[in-house]
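Notes for the one structure printed next.
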Amino acid sequence: MQIMRLSLRLILIGTVAACAPMLPEPPPTPAPPSTAIPPTQTTAPAPPAPAPSDATIPTVDQAGFEGWKQGFLARHGGDRRAAYARELDALTPDPSVIRLDRNQPEFSRPAGAYIQNAVTATRIAQARQRTDRVPWSVVQQYGVPSEILVAVWAQESAFGQVQGDYDVIRSLATLAYDGRRRDWAESQLKHALDIVIDGRRSRTGLKGSWAGAMGQTQFMPDNYLRLGVDQNEDGKVDIWGSDADALASAANLLAQAGWKRGQTWGYEVRLPSNFDYSNAEGARHPWSYWAAKGVTLAHGGAPNAAEAREDATILLPQGARGPAFLALPNHYIIRRYNNSVSYALAIGLTADGIQGRPGLVGTWPDDGPLSRDQRIGAQRALTALGYDTQGIDGVIGANTRAALRRWQMATGRLADGYLTSELADELIRRAG
């Protein structure tokens, strides 16, 4: 029994460790005129990562950290500088946070592996049993369906069972010091410090994921301050201990981001044999445009009238060999929670399962994960070859996929924008 409990805890720890709120990507660089124009918690419980060795944990420079700390206080302290300094006193960076930030599963694992791990019959059954935990008044007020909210709840913290036990202030300070997302991390750190200083949450209670996401629905500090809801009206926003507060806060976030009432997130589709894959993840069009090109819904029928009027795009999360999706506006609203195609699809497909909709028709290719060296190497190679990825950070997002698609078109390949391990290695060789 102890072994079983330990195994469950390791799985759930992997869940929270995988949750990392993504920064919205800037629009990708437009393609040349002769081509189509290309156009974001607990995440799914994943097998526990192996215990890091000394070689896998980045080393940190305490003196450098102290220098960053003084710079942060100078930049953001203002009239609260002394209070911020007290909270940061004797703080040390957390090397495990840096390691986890560089290996986020939403971007390092193939979409199919991520989604199949997240969208399971067991999880769907558990979520369906909890839909009545979403107050009906929340659904009415915010317009976000209960199945979406429960899917988020499942994905972010396994229904509140594991919310992360990292010191949020230490995690955010570490991310800011590391520098990959310094401006964002410093802003979040300032908000986290304000939460403590203003008495909204004690420092010992301000726990969350390694990325600083907090509570049952894994809110970042800025969203907690702006969008947290005291649904049970007890005088505090308790996204850690109150299901109602956590779910209402998530609904508020999605509603404020522009959730479309009465519409789903998207549909699995079938593409015709002559489909121009360079149109994927590109300009958005109403359903009539895609239907005229031979695109059909995988399970038949058509989007409802409101959905058919919306501009949508085709997503190929694992290239031309994997399932294809028509992404409606609500797909991108989900990505305001975590700017990852894989994450948003996992939420949408879990919600579909809760509603009893049939599963995917397409099958996921059995591709292996990309190493960080491959991801960074491919980005560096594409940029060197004249296809700018708008940054070299190891995150294979929309900008990198757009750059890859342009390279594929220029070299006479099927331009699905999907980076395989073999393709990454070829790019690295070509760029020398």
Side-chain angles (χ1 to χ4, degrees), residues 22 24-25 27-28 31 35-40 44 105-107 109-116 118-119 148 151 155 260 263-272 275-287 289-291 293-299 302-303 307-308 310-352 357 359-365 367 395-406 408-409 414-420:
M22 295 293 135
E25 293 182 282
T35 67
I37 299 176
T40 153
E106 295 93 332
F107 291 97
R109 296 167 64 195
Y114 179 93
I115 291 167
Q116 288 177 100
V119 186
I148 289 288
Q155 194 79 341
K260 301 273 188 176
Q263 297 184 27
T264 190
W265 62 272
Y267 295 92
E268 185 188 6
V269 294
R270 293 183 184 272
L271 304 178
F275 184 76
D276 181 357
Y277 286 93
S278 67
N279 286 322
E281 203 171 5
R284 303 178 192 181
H285 303 282
W287 172 242
Y289 174 91
W290 297 114
K293 290 189 173 295
V295 177
T296 59
L297 300 192
H299 292 288
E307 294 165 351
E310 297 286 356
D311 286 337
T313 193
I314 301 296
L315 296 180
L316 302 170
Q318 210 162 333
R321 295 178 296 125
F325 300 90
L326 180 78
L328 291 163
N330 283 340
H331 166 85
Y332 294 94
I333 298 304
I334 296 171
R335 283 168 65 173
R336 296 293 292 272
Y337 227 108
N338 182 319
N339 193 28
S340 154
V341 173
S342 296
Y343 176 89
L345 287 174
I347 296 298
L349 292 169
T350 299
D352 285 355
R357 294 180 178 175
L360 295 180
V361 171
T363 57
W364 296 104
D367 296 328
V395 175
I396 306 302
N399 288 318
T400 300
R401 293 190 294 271
L404 176 59
R405 194 173 291 114
R406 295 196 298 274
Q408 288 172 320
M409 294 177 70
L414 189 150
D416 62 359
Y418 178 57
L419 185 66
T420 63

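Worth knowing before you read on, the calculation uses all heavy atoms, side chains too, and leaves out hydrogens, waters and symmetry mates.
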Nearest-0.5 Å distance that lies between atom CG in L419 and atom CZ in R401: 10.5 Å

Compare all side-chain heavy atoms of P323 with those of T363 and state whether any distance is below 4.5 angstrom. no

Restricting to ring-ring contact (aromatic ring centres under 6.0 Å, His included), what partner residues turn up for H331, sequence neighbours left out? none

Suppose we screen for side-chain hydrogen bond (donor to acceptor under 3.5 Å, both in side chains). Which residues come up paired with R270, at least two apart in sequence or across chains? none

Looking at every non-hydrogen atom in both residues, tell me the closest pair between A415 and R405 and how far apart they are. O-CG, 3.3 Å

To the nearest 0.5 Å, how far apart are OG in S342 and CD1 in I347? 11.5 Å

G112 and W364 have their tightest heavy-atom pair at CA-CD2, 3.3 Å

Please name all residues satisfying side-chain hydrogen bond (donor to acceptor under 3.5 Å, both in side chains) with Y267, sequence neighbours left out, ordered by chain then number. E307

I396 and L404: CA distance, side-chain angles, deciding distance, side chain to side chain contact (heavy atoms under 4.5 Å, CB included) verdict: CA-CA 10 Å; I396 306 302; L404 176 59; over 6 Å; no

Any side-chain heavy atom of T420 sitting closer than 4.5 Å to one from R321? yes

Smallest heavy-atom separation, P329 atom then D311 atom, equals CD-O, 3.9 Å

Please examine the side chains of Y418 and L316, heavy atoms only from C-beta on, and report whether any two atoms are closer than 4.5 Å. no

A side-chain contact here means heavy atoms from C-beta on lying under 4.5 Å apart; do R335 and Y343 qualify? no

Sequence neighbours left out, what passes salt bridge (Lys or Arg N to Asp or Glu O under 4.0 Å) with K260? Give chain and number order. E310

Between A320 and L414 the two heavy atoms that sit nearest each other are CB-CD2, 3.6 Å

Any donor-acceptor pair under 3.5 Å from E268 side chain to H299 backbone: no

ring-ring contact (aromatic ring centres under 6.0 Å, His included) involving Y277 - partner list, sequence neighbours excluded: F275

At what distance, to the nearest 0.5 angstrom, does CG of D367 lie from CD of Q318? 4.5 Å

Residue pairs, two or more places apart or on separate chains, that pass salt bridge (charged side-chain N to carboxylate O under 4.0 Å, His left out) and touch residues 340-350: none

So, do F325 and V341 sit near enough that their side-chain heavy atoms are less than 4.5 Å apart? no

Minimal heavy-atom distance between A308 and P303, with the atoms involved, is N-CB, 4.0 Å

Atom pair CG/CG of D416 and L271 - distance to nearest 0.5 Å: 11.0 Å

Pairing residues for D352 by the side-chain hydrogen bond (donor to acceptor under 3.5 Å, both in side chains) criterion, not counting sequence neighbours: W265, R357

Heavy-atom pair with the smallest gap, counting every atom of V119 and A346: CG2-O, 3.6 Å

Taken to the nearest 0.5 Å, the spacing of N279 CG from Y289 OH works out to 5.0 Å

Measure the shortest side-chain to side-chain distance between W287 and L326 over non-hydrogen atoms and say whether it is less than 4.5 angstrom. yes

